[in-house]
Amino acid sequence: MDKLSFYDQVYQVVRLIPKGRVSSYGAIASYLGTRGSSRMVGYAMNAAHTTFPPVPAQRVVNRNGLLTGKFHFGSADMMQQLLENEGVKVNNDKIVDFKNLFWDPAIELEL
DNA sequence: GAGGTGACTGCGA
DNA sequence: CTCGCAGCCACCT
């Protein structure tokens with residue numbers, strides 16, 4: 001726990017997100033016990049592409065299911081392409097039926 | 001050591 | 001309903 005940096009904790013949780021599912025920054029932050037630091041989760045994603053194996057950051061979106069960080073993938077359409085490739089429908093940079101595809105580690109990992 | 005940044009969130013007007 | 005502001009904390013320069 002304490003041996004891993006906050007980033008590493010975020011990376012591991014994000015990598016646990018099943019294919020075809022999505023999660024939110026706040027959910028991950030809350031699971032890590034830093035609900036108030038939801039920004040840090042997003043910030044961690046900033047370095048996600050520098051880690052290996054790469055973190056499926058496309059599965060992580062904001063509380064509204066909006067692809068806020070799409071621009072950080074290099075191309076604005078990249079994130080949407082990746083999501084659709086996994087079976088997640090995206091419309092106007094927003095995940096379709098987000099609440100249904102939502103994956104909360106605090107609940108899923110609790111079982 | 002101190003300051004600035006940020007892929008968010010929640011509440012208020 | 002939409003827009004704006006403040007809080008939050010780890011990492012970087």
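The chains referred to below are lettered A, B, ... by the order of the sequence lines, with proteins before strands, and numbering in each begins at 1. Any value given below was found using the heavy atoms of this structure, including those in side chains, with hydrogens, waters and symmetry copies removed.
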**Prompt:** Is the closest side-chain heavy-atom distance between A:Phe102 and A:Arg21 below 4.5 Å?
**Reply:** no

**Asked** Considering only heavy atoms from C-beta outward, does the side chain of A:Leu67 approach that of A:Gln80 to under 4.5 Å?
**Response** yes

**Prompt:** Among B:dT9, B:dA7, C:dC9, which is the nearest nucleotide to the side chain of A:Ser38?
**Reply:** B:dT9

**Request:** Identify which one of A:Leu83, A:Asn100, A:Val60 satisfies the side chain to side chain contact (heavy atoms under 4.5 Å, CB included) criterion when paired with A:Val22.
**Result:** A:Leu83

**Message:** Measure CD/A:Gln58 against P/B:dA7 and give the value in whole Å, please.
**Reply:** 17 Å

**Message:** Tell me if the side-chain of A:Tyr43 makes a donor-acceptor pair with the base of B:dA7, cut-off 3.5 Å, by modelled atom types.
**Reply:** no

**Prompt:** Is any side-chain heavy atom of A:Tyr11 less than 4.5 Å from a side-chain heavy atom of A:Leu4?
**Reply:** no

**Request:** Pick base, sugar-phosphate or nothing for A:Ala48, based on heavy-atom distances below 4.0 Å to the nucleic acid.
**Result:** nothing

**Atom pair distance, as rounded to whole Å: OH in A:Tyr7 and P in C:dA10** = 11 Å

**Prompt:** Looking across every strand, which nucleic acid part, if any, lies under 4.0 Å from A:Phe71 by heavy atom: base, sugar-phosphate, or nothing?
**Reply:** nothing

**Asked** Taking atom C1' of B:dA7 as reference, at what distance in whole Å does atom NZ of A:Lys94 sit?
**Response** 18 Å

**Prompt:** Between A:Arg35 and C:dC9, is there a side-chain N or O to OP1/OP2 distance below 4.0 Å?
**Reply:** no

**Asked** What is the distance from CG of A:Asn46 to C1' of B:dA7, rounded to the nearest Å?
**Response** 7 Å

**Asked** Looking across every strand, which nucleic acid part, if any, lies under 4.0 Å from A:Asn62 by heavy atom: base, sugar-phosphate, or nothing?
**Response** sugar-phosphate

**Request:** Return yes if some donor-acceptor pair links the side-chain N/O of A:Asn92 with the main-chain N/O of A:Lys94 below 3.5 Å, else return no.
**Result:** no

**Asked** With sugar-phosphate meaning primed atoms plus P, OP1 and OP2, does A:Thr68 contact a base, only sugar-phosphate, or nothing at under 4.0 Å between heavy atoms?
**Response** sugar-phosphate

**Prompt:** Taking atom P of C:dC9 as reference, at what distance in whole Å does atom CD of A:Gln9 sit?
**Reply:** 15 Å

**Request:** Ignoring the backbone of A:Ser24, work out which of C:dC9, C:dC11, B:dT9 is nearest its side chain.
**Result:** B:dT9

**Asked** B:dC11 P sits how many Å from A:Asn64 CG, rounded?
**Response** 13 Å

**Listed nucleotide nearest any side-chain atom of A:Phe6, set B:dA7, B:dT9, C:dA10** = C:dA10

**Request:** Could you state the atom-to-atom distance from CG of A:Leu32 to C1' of C:dC9 in whole Å?
**Result:** 13 Å

**Prompt:** Expressed in angstrom and rounded to an integer, what is the separation of A:Met45 atom CE from C:dA10 atom P?
**Reply:** 16 Å

